[in-house]
Novice: 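Provided herewith is a single structure, encoded as structure tokens, for subsequent inquiry.
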2 protein chains.
Amino acid sequence: MLKINIDYNLEDTVYRQIYNQIVEQIASSNIHPGDKIPSSREMAGVLNINFHTVNKAYQLLRENGIIELSKNKRYIISKKNKTGDAVDDFKKRETDIINEAMVKGLNSDDIIKTVKNILNLKGGG
Amino acid sequence: MLKINIDYNLEDTVYRQIYNQIVEQIASSNIHPGDKIPSSREMAGVLNINFHTVNKAYQLLRENGIIELSKNKRYIISKKNKTGDAVDDFKKRETDIINEAMVKGLNSDDIIKTVKNILNLKGGG
DNA sequence: ACACCTGTTATATATGTTATATAACAGTTT
DNA sequence: AAACTGTTATATAACATATATAACAGGTGT
């Protein structure tokens, strides 16, 4: 079941943590396209936060095509479909963090290895 | 010379754009370790923004060890030295954006290719 | 010595974001 | 009908962003 951990010590906002962790669980095949996610009120109750905060995470997931409304007013995980926007967005964000990593002393090998390591943990998990 | 473009249409804050673009120019060997960067007031004047906004970008660069104060009170680009924090930080941010890319339909090949592409543009530039 | 530059600190203000707290509404499920 | 869903609307408090001044210590160049 979809388990979210909120850490108020992190710099990330609460709705961003919810967003990233739902994405993570889809990426890890913990939840799958078509699956329902908890209602914003239910999730908020479990996490002991306001349902608007959960709502904001859900709205952002919806804007990015990661979840969608089913006919019975429940959010479900969308099917994957690689859009140009998704590719462009990835490239842009990737460029920024690779730049920073290299400026901090990591080399191409470090970066490739780290990326492959992250991918292997998913593929081989 | 260090050229920064501020785009108020982007979601990124102004000081984050300054931060990322300075990092980008170091990564691209447009500026090098030891080089001075413009004073916050000078940069602010050119960009027509408040010098505190530039200052915030500089403070963040300094906290991350990317620039440092020279003896004559000028910020200069730091030498690269790969710290454990830098590696951990890269891995954490990388994981989040790879997760999202895969959920949006990119596969391992797409990701590796994009990363190699970004690295080649720098190495082969 | 002087004016001028540097980064830093302090205050104040305006605007936007984040998170909470209620309330209400239309539609679905049971 | 009762209980649930997402959505919209208001209000509030705390924080982040960006601007506007002002002042200070220290380095630079004349």
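In this text, all values refer to a predicted model and were calculated from it rather than measured experimentally. Letters go in sequence order (proteins before strands), and every chain restarts at 1.
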Novice: Please report, rounded to the nearest Å, how far the C1' atom of D/dA16 is from the CG atom of A/Asp12.
Specialist: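 Spelled out: CG on A/Asp12 to C1' on D/dA16 is 15 Å.
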
Novice: Kindly point out which of D/dT5, C/dT20, D/dA22 is positioned nearest to the side chain of A/Tyr8?
Specialist: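 Of D/dT5, C/dT20, D/dA22, C/dT20 is nearest to the side chain of A/Tyr8.
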
Novice: Measure from CG on A/Asn55 to P on C/dT22 and round the result to the nearest Å.
Specialist: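 After rounding, the gap between these two atoms is 17 Å.
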
Novice: How many Å lie between CG on B/Leu69 and P on C/dT9, as a whole number?
Specialist: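 The answer, rounded to whole Å, is 10 Å.
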
Novice: Which residue, B/Asn72 or A/Tyr58, contacts DNA chain D at a nucleotide closer to its 5' end, judged by nearest heavy atom?
Specialist: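 The residue closer to the strand's 5' end, by nearest nucleotide, is A/Tyr58.
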
Novice: Can you hop from B/Ile31 to B/Ile76 via hydrophobic side chains spaced under 4.5 Å?
Specialist: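 Cluster IDs for B/Ile31 and B/Ile76 differ.
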
Novice: In whole angstrom, give the distance that lies between atom CZ of B/Arg62 and atom C1' of C/dT8.
Specialist: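 My rounded result for the distance is 10 Å.
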
Novice: Rounded to whole Å, please give me the gap between CD in B/Glu42 and P in C/dC4.
Specialist: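 Roughly 17 Å, once rounded to whole Å.
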
Novice: Taking the minimum atom-to-atom distance to the side chain of B/Asn50, which one of C/dT6, C/dT8, D/dT19 wins?
Specialist: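 The closest nucleotide is D/dT19.
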
Novice: Output the single nucleotide from C/dT9, C/dA23, D/dA18 whose closest atom is nearest the side chain of A/Phe51.
Specialist: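 Of the candidates, C/dA23 comes closest.
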
Novice: Of the nucleotides C/dT9, C/dT22, D/dG26, which one has an atom closest to the side chain of B/Lys73?
Specialist: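 Ranking C/dT9, C/dT22, D/dG26 by closest atom to the B/Lys73 side chain puts D/dG26 first.
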
Novice: Got A/Ile66 and A/Val23 here, is their nearest side-chain heavy-atom distance under 4.5 Å?
Specialist: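 Contact flag for A/Ile66/A/Val23 side chains = yes.
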
Novice: Indicate, with a heavy-atom threshold strictly under 4.0 Å, whether B/Gln59 touches base, sugar-phosphate, or nothing.
Specialist: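 Since only primed, P, OP1 and OP2 atoms lie under 4.0 Å of B/Gln59, the category is sugar-phosphate.
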
Novice: Quick check: does any side chain N or O of B/Arg74 sit under 3.5 Å from a backbone N or O of B/Ile37, one acting as donor and the other as acceptor?
Specialist: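 Judged by distance alone, yes, a pair lies under 3.5 Å.
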
Novice: Would you mind reading off the distance between B/Lys56 atom NZ and D/dA16 atom P, rounded to a whole angstrom?
Specialist: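 The distance from NZ of B/Lys56 to P of D/dA16 comes to 7 Å, rounded to the nearest Å.
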
Novice: Would you mind telling me which of C/dT29, D/dA22, C/dG7 lies closest to the side-chain atoms of B/Ser39?
Specialist: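 Of the candidates, C/dG7 comes closest.
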
Novice: Expressed in angstrom and rounded to an integer, what is the separation of A/Leu47 atom CG from C/dA19 atom C1'?
Specialist: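 To the nearest whole Å, that distance equals 14 Å.
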
Novice: Can a salt bridge be assigned to the pair B/Asp89 and B/Arg93 using a cut-off of 4.0 Å between side-chain N and carboxylate O?
Specialist: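 A salt bridge links B/Asp89 with B/Arg93.
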
Novice: Counting heavy atoms from C-beta on, name the nucleotide in D/dG6, C/dT8, D/dT17 closest to the side chain of B/Tyr15.
Specialist: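 Of the candidates, D/dT17 comes closest.
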
Novice: Mark yes or no for whether A/Gln25, through its side chain, and A/Lys3, through its backbone, hold a donor-acceptor pair below 3.5 Å.
Specialist: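 Yes: the side chain of A/Gln25 pairs with the backbone of A/Lys3.
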
Novice: Has the side chain of B/Arg74 got a donor or acceptor that lies under 3.5 Å from a partner of the other kind on the base of C/dG7?
Specialist: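 Flag unset: no donor-acceptor pair detected.
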
Novice: Is there a side-chain polar atom (N or O) of B/Thr53 under 4.0 Å from OP1 or OP2 of D/dT19?
Specialist: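 B/Thr53 to D/dT19 OP1/OP2: side-chain N or O found under 4.0 Å.
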
Novice: Return the value, rounded to whole Å, for the distance between atom NE2 of A/His52 and atom C1' of D/dT7.
Specialist: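 After rounding, the gap between these two atoms is 9 Å.
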
